[in-house]
A.B. asks: 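One structure coming up, written as structure tokens, with questions to follow.
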Amino acid sequence: MAGYMGFGMQSWIYKRKMRKPFSKRGKVPTFNPLQKYSRTFKLKPTIKRNKRLSGFITVFTIVTLVFFTFLFCNKFFEHEKAYNRPINVAKTYKNTTAFNFLLNSGISRLSNNNVHGAYSEFVLAHKINPDNDQVINLLIETTNILCEEDIYYCNELEKFLKI
């Protein structure tokens, strides 16, 4: 059976003439393979290159890349500082407003005898600004009041007294 063999259609397939029905066929030509590949490879001597020039070009390229890397790194760090400056200002502003709100809210809750609520406000304010002496003193006062009811607050009072 003739047809697609993977290397293209043989010419005798599409040059054939239609046969009459019930007639004798002629002989089908056989496939003639290509000649064998007989190319030989030889080692050729390498072309002499100017080693001094290629070394100079390599060193010059490396020095240039290092120079531009430092130049662009410095500009990148300057840009990063300029970009982060307003973000840090906004963050400190938000932290101070939140701290002042929590401190005032805790003091008002403490004046209304809501000691548990005042304690939670002071703990949050202490997390924002742990170096504030006023918050530490208010935390010590509220935990001292709460220590009479629950031993958990006594342990917290010891932590705040160590600060």
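Just so it is clear, the structure is predicted and the values come from calculations on it, not from any experiment.
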A.B. asks: Specify the closest pair of heavy atoms between Gly117 and Arg109, including all atoms of both residues, with the distance to one decimal.
C.D. replies: CA-NH1, 3.3 Å
A.B. asks: Under 3.5 Å, side chain of Ser105 to main-chain N/O of Leu102, donor-acceptor pair present?
C.D. replies: no
A.B. asks: When rounded to the nearest 0.5 angstrom, what distance separates CG in Leu161 from CG in Leu139?
C.D. replies: 10.5 Å
A.B. asks: Would you indicate whether the side-chain heavy atoms of His116 and Glu121 approach each other to under 4.5 Å?
C.D. replies: no
A.B. asks: In residues 64-80, what donor-acceptor pairs under 3.5 Å come from side-chain atoms, sequence neighbours left out?
C.D. replies:
unit_1 : atom_1 : unit_2 : atom_2 : d
Thr64  : OG1    : Phe60  : O      : 2.7
Thr69  : OG1    : Leu65  : O      : 2.6
Asn74  : ND2    : Phe70  : O      : 3.3

A.B. asks: What's the shortest heavy-atom distance between Ile128 and Ala98, and which atoms?
C.D. replies: CD1-CB, 3.9 Å
A.B. asks: Grab the two heavy atoms, one from Pro130 and one from Ile136, that are nearest each other, plus how far apart they are.
C.D. replies: O-CD1, 3.6 Å
A.B. asks: Nearest 0.5 Å, what's the CG-CG distance between Leu103 and Asn132?
C.D. replies: 7.0 Å
A.B. asks: Which pair of heavy atoms, one from Ile107 and one from Phe122, lies closest together, and at what distance?
C.D. replies: N-CZ, 3.7 Å
A.B. asks: Would you say Asn95 and Asn129 make side-chain contact, with heavy atoms under 4.5 Å?
C.D. replies: no
A.B. asks: Side chains of Val123 and His126, heavy atoms from C-beta outward: is any pair under 4.5 Å?
C.D. replies: no
A.B. asks: In Å and rounded to the nearest 0.5 Å, what is the CD to CG distance from Glu156 to Asn144?
C.D. replies: 13.5 Å
A.B. asks: Thr61 and Ile57: which non-hydrogen atoms are nearest, and at how many Å?
C.D. replies: OG1-O, 2.7 Å
A.B. asks: More than 12 foreign heavy atoms under 6.0 Å from CD1 of Ile151: is that the case here?
C.D. replies: no
A.B. asks: Please walk me through it: do Ile145 and Tyr153 pass side-chain contact (heavy atoms from CB on, under 4.5 Å)?
C.D. replies: CA-CA 9 Å; Ile145 295 169; Tyr153 296 107; over 6 Å; no
A.B. asks: Nearest heavy-atom pair of Leu110 and Thr142: which atoms, and what distance?
C.D. replies: CD1-CG2, 3.6 Å
